[in-house]
Amino acid sequence: MTTGTAAITTTELVRRSIEGRRFSPVNALIAFTLLFTLLSSVVILVTLLVDTIAAALPVFATRGFSFITSSLSPRAEAAGIWQGIMGSLALTGFVIAVAFPLGVAAAVYLEEYAPDNRLTRFLNANIRNLAGVPSIVYGILGLFLFVEVFMRGMLGASEGIAGRNVVAGGLTLAVLVLPIMIITTSEALRAVPSGLREASLAVGATRWETIRHHVLPVAVPAILTGSVLTIARAFGESAPLLLAGAQLSLFFTVASDSSFYDLMLTQPYTALPIIVFNFARQPQAEFVALTAASIVVLLVMLLSVNAAAVLARDRYERRYR
Amino acid sequence: MATVDDQRDISIDLTGDVRRRRRESLVKATFFAAAAVSILISVAIVIALIGKAWAFVSSIELSQLWADGWFPRRGRFQLAALIVHTLMVTGIAMVVAVPFGLGSAVYLSEYARSGVRRVLKPTLEILAGIPSVVLGFFALQFITPNIVRGMFPGAQSANFLAAGIAVGILTIPLVASVSEDAMRAVPSSLREASYGLGAKRWHTALRVVFPAAISGIIAAVILGISRAIGETMVVALAAGLNGIMTFNPTEGGLTMTGAIANLAVGSDQVAGDVAAFQSLFFVGLVLFIFTLALNILSGRMVRRYRQRY
């Protein structure tokens, strides 16, 4: 064996014994070209990170952490992103509270309970199509359903921010990621061997007992990894929030005596990716470095969570395959 | 000898505890309700889009849809301009995403050893996790000055080329992962047969596995197109605000998603029942129909290869 650790498939053995060790220039050229296309993504990723960090350095060098802990301001030298970080965390809280339980429950129904009939096939097709709907269309849904119908129509929030509050934004993002949450959880449940279910049912457990004690415990690592990646997607999402009501101005204040209820329903909010968008479209040159610095904070928060989830999954896959 | 009465007793025993059964059906009903929420969401999307789009169409004269350019506040709603610009960005994005996405997929599926795969595949996943607004900034600050202006020094600061390249970068991971799945689904007996007939590795990869997975690969490209059409933040930042129809990729202009974002950004001034703001729902409906049609088409293609193997 020449490769040592990596397992060799039958196909690879067949290929090697027939092809031998002869060098083929065409083979090498094509292999190189294909590898080049793959490595280009690595180069793009590195360029993007290096370019952004380089542009962001002056901000961190001169302002340090006060850039993170200050509020928004139209003056570039004083502007900070604290409101965006808080807003994004609040939005993420809604996504976890709404989309995670709903998504897991829906996936459990579709994988464990649903009979193979027309209704189930329709539900599955519908969820797949929802997963492909552009995020800005979810923004239109959020503007209509959560801002206009819920907040203005049912709760009568017509003054101030007129219902464009963090609850509406959070629900919009939750609805946006729900189909993806269902699909990743379904995949995790499908990977659980059916022998486990049959064994449990055969000794008299009900379906729910089987799911709770045998299926879910095995699927939990995969479900959590998928959910973390999905929630991270919501964290970086900005298009729907343009419509569902995040503040787009360079300056806004929250009344200092706001109760939790006010913060949720009557006070303006914004999100970190929205601040990035907002800084990026300012014509003044000082905002370029500020945009880059906000991106660095956004990416550090996002990629650390993402990387942890991907690494955890790879480790899990290696252990159980 | 068992009597009829005995048999009935046994059957009663097997049905089990009433409370346990009741809990069972309650749990099932709860889970079904969660799954049914997805239908409510679809219905709400359709109501939001069609209701408001209809209000828009009936409040304007249809000739306004063929006026010169997309200028909502001046009552000019040339949808064709938005569609042309969208297709231009999408076309450029596919020129980037298809070769790089498919090349990566062939390498990962047919060439990469498992160690290489374990290192390079997460890179694609990290690229997929970069928020689109970040790519929009990258397009403005890096792609336009360094790449687009390198080829076309006179390019506008917001242009379709930079936006298209950035959208293409965003689409590479999607195209790569869907087409890689399709190629890995090709049974290894096909590869072994090819090697057995003396074919080289490149011949097996490109002339045997690739054609065998073609329906899944087409599905990947269609999904990529759908994703590119619906991409918002990149074009909102990097494609410009010009409403006049242009076919020049070094100029900028509003796409469908760009027009929606632009209306939303200025929504404080035009909110309410005026036609300008409601045009947002009309464009949203057109966008929804485009992407839905493409997604359904791609779903059909995927089912085709799943059935075959």
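Since the structure is predicted, the reported quantities are computational estimates derived from the model, not experimental observations. Values below: every heavy atom of this structure, side chains too, minus hydrogens, waters and symmetry copies. A note on names: the letters A, B, ... follow the listed sequences, proteins ahead of strands, and every chain is numbered from 1.
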Exercise for review: Show your working on side chain to side chain contact (heavy atoms under 4.5 Å, CB included) between B/Lys121 and B/Leu108 and close with a plain yes or no.
Suggested key: CA-CA 8 Å; B/Lys121 186 117 202 252; B/Leu108 283 174; 4.1 Å; yes
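- Considering every non-hydrogen atom in both A/Leu176 and A/Pro179, the closest pair reads O-CD, 3.6 Å.
- Both the backbone and the side chain of A/Tyr109 come within less than 4.5 Å of a heavy atom of chain B.
- Proximity to chain A (any heavy atom under 4.5 Å) is shown, for B/Ile229, by neither the backbone nor the side chain.
- With a 4.5 angstrom heavy-atom cutoff, B/Leu285 does not touch chain A via any of its atoms.
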Practice item. Give the C-alpha distance, both sets of side-chain angles, the deciding distance and a yes or no for side chain to side chain contact (heavy atoms under 4.5 Å, CB included) between B/Ile39 and A/Leu123. Key: CA-CA 7 Å; B/Ile39 294 182; A/Leu123 278 170; 3.5 Å; yes
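- Among A/Arg281, A/Glu209, A/Glu237, the residue with the largest count of heavy-atom pairs under 4.5 Å with chain B is A/Glu209.
- Of the listed residues (A/Val137, A/Leu143, A/Leu48), the greatest number of heavy-atom pairs within a distance under 4.5 Å of chain B belongs to A/Leu48.
- Distance alone, capped at 3.5 Å, places no donor-acceptor pair between the A/Ser294 side chain and the A/Val276 backbone.
- With chain B as the partner, the residue from A/Ile211, A/Thr291, A/Val104 showing the most heavy-atom pairs under 4.5 Å is A/Thr291.
- Most heavy-atom pairs under 4.5 Å with chain A: of the set B/Gly129, B/Gly284, B/Ser298, B/Ser42, this distinction falls to B/Ser42.
- In terms of modelled atom types and a separation under 3.5 Å, the side chain of A/Asn126 and the main chain of B/Ser38 share a donor-acceptor contact.
- Closest heavy-atom contact between B/Ile222 and B/Leu294: CG2-O, 3.2 Å.
- Within the 4.5 angstrom heavy-atom criterion, only side-chain atoms of A/Asp51, from C-beta onward, approach chain B.
- Contact of B/Glu192 with chain A is made through backbone and side chain together, with heavy-atom distances under 4.5 Å.
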Practice item. Could you check B/Ile172 against B/Leu124 for side chain to side chain contact (heavy atoms under 4.5 Å, CB included), going step by step and ending with a plain yes or no? Key: CA-CA 8 Å; B/Ile172 289 174; B/Leu124 277 183; 4.3 Å; yes
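- Contacts with chain A were tallied for B/Arg227, B/Arg191, B/Lys200; B/Lys200 has the most, counting heavy-atom pairs under 4.5 Å.
- Residue pairs meeting the side-chain hydrogen bond (donor to acceptor under 3.5 Å, both in side chains) criterion with at least one partner in residues 128-140 of chain B, sequence neighbours excluded, are B/Ser132-B/Glu231.
- The candidate with the highest count of non-hydrogen atom pairs below 4.5 Å against chain A, out of B/Gly230, B/Ser226, B/Gly103, is B/Gly103.
- A perpendicular orientation is assigned to the rings of A/Phe150 and A/Phe146, their planes being inclined by more than 60° (bins at 30° and 60°).
- The part of B/Leu140 that comes within reach of chain A is its side chain, from C-beta onward, which places non-hydrogen atoms under 4.5 angstrom from that chain.
- Summarising the geometry, atom CG belonging to B/Asn146 is positioned 8.5 Å from atom CZ belonging to B/Phe138; distances are rounded to the nearest 0.5 Å.
- Atom CG of A/Leu39 is separated from atom CG of A/Leu45 by 12.0 Å, given to the nearest 0.5 angstrom.
- Note: A/Gln247 CD to A/Ile275 CD1 = 11.0 Å, rounded to the nearest 0.5 Å.
- Here the CG-CG distance, from B/Leu135 to B/Leu237, works out to 10.5 Å after rounding to the nearest 0.5 Å.
- For B/Pro173, no part sits under 4.5 Å from any heavy atom of chain A, backbone or side chain.
- Between chain B and the options A/Leu130, A/Ile274, A/Leu302, A/Thr52, the largest number of non-hydrogen pairs under 4.5 Å is found for A/Leu130.
- Heavy-atom distances place both the backbone and the side chain of A/Ala292 under 4.5 Å from chain B.
- Taking CZ from B/Phe282 and CE from B/Met256, the interatomic distance works out to 10.5 Å, rounded to the nearest 0.5 Å.
- Between atom OH of residue A/Tyr138 and atom CG of residue A/Leu178 there is a gap of 8.0 Å, rounded to the nearest 0.5 Å.
- Ranked by non-hydrogen atom pairs under 4.5 Å with chain A, the options B/Phe288, B/Phe32, B/Tyr111 are led by B/Phe32.
- Interface remark: B/Val134 contributes backbone and side-chain atoms alike to the contact with chain A (heavy atom separation under 4.5 Å).
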Exercise for review: Please step through side chain to side chain contact (heavy atoms under 4.5 Å, CB included) for the pair B/Met233 and A/Leu242, ending with a clear verdict.
Suggested key: CA-CA 10 Å; B/Met233 299 317 284; A/Leu242 293 178; 4.0 Å; yes
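- Between chain B and the residues A/Leu145, A/Ile182, A/Asn129, the largest count of heavy-atom pairs under 4.5 Å involves A/Asn129.
- Using a 4.5 Å cut-off between heavy atoms, B/Thr291 contacts chain A through its side chain alone, with no backbone atom that close.
- Using a 4.5 Å heavy-atom cut-off against chain B, the contacting residues of residues 29-38 of chain A are A/Ile30, A/Ala31, A/Leu34, A/Leu35, A/Phe36, A/Thr37, A/Leu38.
- Residue with the most contacts toward chain B among A/Ile127, A/Leu299, A/Val288: A/Val288 (heavy-atom pairs, distance under 4.5 Å).
- Contacts between B/Ile169 and chain A at a heavy-atom distance below 4.5 Å involve the side chain alone, from C-beta outward.
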